[in-house]
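Structure first, commentary second.
Atom set for the values below is all heavy atoms of this structure, side chains included, hydrogens, waters and symmetry mates excluded.
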Amino acid sequence: MTQAVRASEPRTYRAAPSKNLGGDADPVTTEVVRHSLQVAANYMKRALVRTSFSPTIYEVLDFAAAIYDREVRLLAQAPTLPLFMGTMNFCVEAAVEAVGGEDALEPGDIILYNDPFGTGSHQQDAALIMPVFYREKTLIGYTGIKAHLQDVGGKEPYSTDTVDVFQEGTIFPGLKLYKRGELSDEVHRMLVANSRVPKYVVGDVEALVVAVRAGAAALCDVVDRFGLDEVETCVERMYDHGEAVIRSYFEKIPDGRYIAHGMMDNNGVDTDSIPFEVALEVEGSTVRVDYSNSPPMQNGPVNCPIASTVSATRMAIMWIAGGGDNVNEGYFRPVEVVTRPGTMFDPVWPAPSFLYFIPAMQAMEVILRAMSEVMPEAVPAASDCDIQATVWWGVDEETGEPWAEGMPHMGGQGAWSRSDGQSCLMHPMEAATRNIPCEVYESRDPWLITKFELAPDTCGPGQHRGGLGLDMDYTMLAESFVTVVIERNKSKAWGLAGGGEGCRANVAYLRRANGEREEITKATRLKVAAGETLEMRTAGGGGYGPAAARSPEAVLDDLREGLITEDHARTYYPHVFQARAAAE
């Protein structure tokens, strides 16, 4: 079943076009300004990492930090969570509009905003937006951070089965947390009152405040150094260069419409699989990604608000065409995103969207799959394509204090024409994120990590093999609750150019005290008793090229390192053993 909302006519989202004002900018000065802005964004990242309360932020880097100009065009971003990054302009625009527009802003203001239809995320991913006034007079831009807070009062701290946005957490629809530099007691008390773990949330929000202020100060320093007029001229040239980089890539690709399909396991409420289509259209140097043939809005929380749909699209394009640069607004100009309101990739209020990242991640890989039709050597095979999230919570038996913790789990990445896939890493949506070290985890939470290792034989075979998945076990020392999110359980990572699919799908198991082992995919508020173990098993990536073309040396190296077993090697690479037998 799907919600009875009729999809409307398609709409197209584009970045603002060039103003052609940067032609007179000195290229050397432009490059210095560009790197200075990047340093300013990195100040935000470091400030947050050094002051945040939750390992989800300071270890996993589950946040985005960025600086925008007055027209809400991306100036610079810190390398953290890319999927968040591409939504930040939506956050800034919606937050400013919510408080009354630009005219309602004053120096020292900081806006709290977490409406999922503006942020593109669930309510736990809250944004703080700070307008930047140069010498407290001239508005020159915005600093913004979006980070995952442990709990903001949803039906559970993390959910797989919500049916509307109201179950997913308290909504702060653009409120001034700080007015002219002074904390708003009313907003702060509302934030504290709507969290099961207020100490966690208050600590992290205070760190977010430190970070946006650090970015604002650093942006003003750049203007002090070069002058406002010079910075603005250099920025326009910087944008134009970014646009030229992407256009130069796509103008070499034959014009055409390339279509690929994906399949999601279910929507978290209904059990049916969800097939979907994404079309990639290349026309000259413009690339258009079309979601207008998407499934209707879903009953369960796998709807992807437009901000995250646009972000995922831009990420996929930047990944293949961006040249590894630190991107800015100009890079997005050649990319058009077509959606149809009322569908899974452009839901309307109050559709549930807690698991928005599932369709966003899968859309990225389907875009790459479409691209493989014309440039198979430029894109990888599929990855595990899920964050395999677990979010735990409970009450400390000694202190009576509530606690909560969350962590994504890494899987295998797809191989491509030049190398094997990376093992035990995040999907590209989280290219800069990391796991929480076991020592940090065990010092904070009531469990032991009894297994944390690469999973042999999970890699897809090929001339270049896929990356390996992860085996990780949590043995509980006290009663707790957990929400587990497992996607791509019904299918495995596909291979490319004759490569094999990954050899394991994503899955989790709960091993009860009596020894029974229960398979888990999506489960909300699962009770886990002391002595019971949650086993996370992430998938391997797909292979690239025929397995018969893999060099014997590479296969034997994998065997020696324990990445594959002899049974796996004999099954997929028999030529290695045939050659050895012939030599003997």
Look only at the side chain of [X] and the backbone of [Y], and say whether a donor-acceptor pair between them is shorter than 3.5 Å.
X	Y	value
Gln388	Thr538	no
Ser184	Leu177	no
Ser54	Thr56	no
Asn42	Ala78	no
Ser423	Gly467	no
Asp420	Gly466	no
Ser311	Ala307	no
Gln38	Gln77	yes
Asp109	Glu106	yes
Thr51	Ala47	yes

Nearest 0.5 Å, please: how far is [atom2] in [Y] from [atom1] in [X]?
X	Y	atom1	atom2	result
Tyr134	Cys220	OH	SG	7.5 Å
Glu243	Arg247	CD	CZ	4.5 Å
Ile317	Leu368	CD1	CG	8.0 Å
Tyr113	Phe172	OH	CZ	13.5 Å
Asp24	Asp26	CG	CG	11.0 Å
Phe452	Met536	CZ	CE	11.5 Å

pair [X]-[Y]: side-chain heavy atoms closer than 4.5 Å:
X	Y	result
Val201	Val192	no
Val49	Ile57	no
Phe133	Ile140	no
Ser443	Glu439	no
Glu168	Pro352	yes
Val287	Glu281	no
Pro341	Arg11	yes
Ser195	Val152	no

Cationic N near anionic O, under 4.0 Å, [X] to [Y]:
X	Y	result
Asp224	Arg135	yes
Glu182	Lys179	no
Glu102	Arg70	yes
Asp185	Arg189	yes
Asp386	Arg488	no
Asp240	Arg333	yes

Regarding [X] and [Y], do their side chains bring together a donor and an acceptor under 3.5 Å, going by distance alone?
X	Y	result
Thr119	Asp125	no
Tyr13	Thr309	no
Gln362	Glu487	yes
Thr170	Gln123	no
Thr143	Arg213	no
Lys45	Thr80	no
Glu336	Thr12	no
Thr87	Lys146	yes

Grab the two heavy atoms, one from [X] and one from [Y], that are nearest each other, plus how far apart they are.
X	Y	value
Arg196	Pro157	NH1-N, 3.6 Å
Ser353	Asn303	CB-O, 3.3 Å
Ala378	Tyr249	CB-OH, 3.8 Å
Pro131	Leu105	CB-CD1, 3.9 Å
Ala312	Ala360	CB-O, 3.5 Å
Tyr58	Ser52	CB-OG, 3.3 Å

With a 6.0 Å cut-off (strictly less than), is the heavy-atom count around [atom1] of [X], excluding the residue itself, greater than 12?
X	atom1	result
Gln422	CD	no
Arg50	CZ	no
Glu283	CD	no
Tyr200	OH	yes
Glu377	CD	yes
Met190	CE	no

Answer yes or no for Arg14 and Phe332: cation-pi contact, defined as NZ/CZ to six-membered ring centre under 6.0 Å and angle to ring axis within 45°.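 Not satisfied by the 6.0 Å and 45° rule.
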
Taking the inter-plane angle between the rings of Phe345 and Tyr291 on a 0 to 90° scale, is it parallel (under 30°), tilted (30 to 60°) or perpendicular (over 60°)? tilted

Determine whether Ile246 and Met318 satisfy the following criterion, side chain to side chain contact (heavy atoms under 4.5 Å, CB included), listing intermediate values before the conclusion. CA-CA 8 Å; Ile246 303 304; Met318 295 308 112; 3.8 Å; yes

Does the ring center of [X] lie less than 6.0 Å from the ring center of [Y]?
X	Y	value
Tyr142	Tyr68	no
Tyr158	Phe354	yes
His122	Tyr356	yes

Determine, stepwise, if the pair Trp393 / Asp151 fulfils side chain to side chain contact (heavy atoms under 4.5 Å, CB included). CA-CA 10 Å; Trp393 67 97; Asp151 179 65; over 6 Å; no

Partner of Arg73 under salt bridge (Lys or Arg N to Asp or Glu O under 4.0 Å), picked from Glu93, Glu236, Glu232, Glu329, is Glu236

Under the criterion side chain to side chain contact (heavy atoms under 4.5 Å, CB included), I'd like the reasoning laid out for Val485 against Ile387: C-alpha separation, chi angles, the key distance, then a yes or no. CA-CA 8 Å; Val485 184; Ile387 65 173; 6.0 Å; no

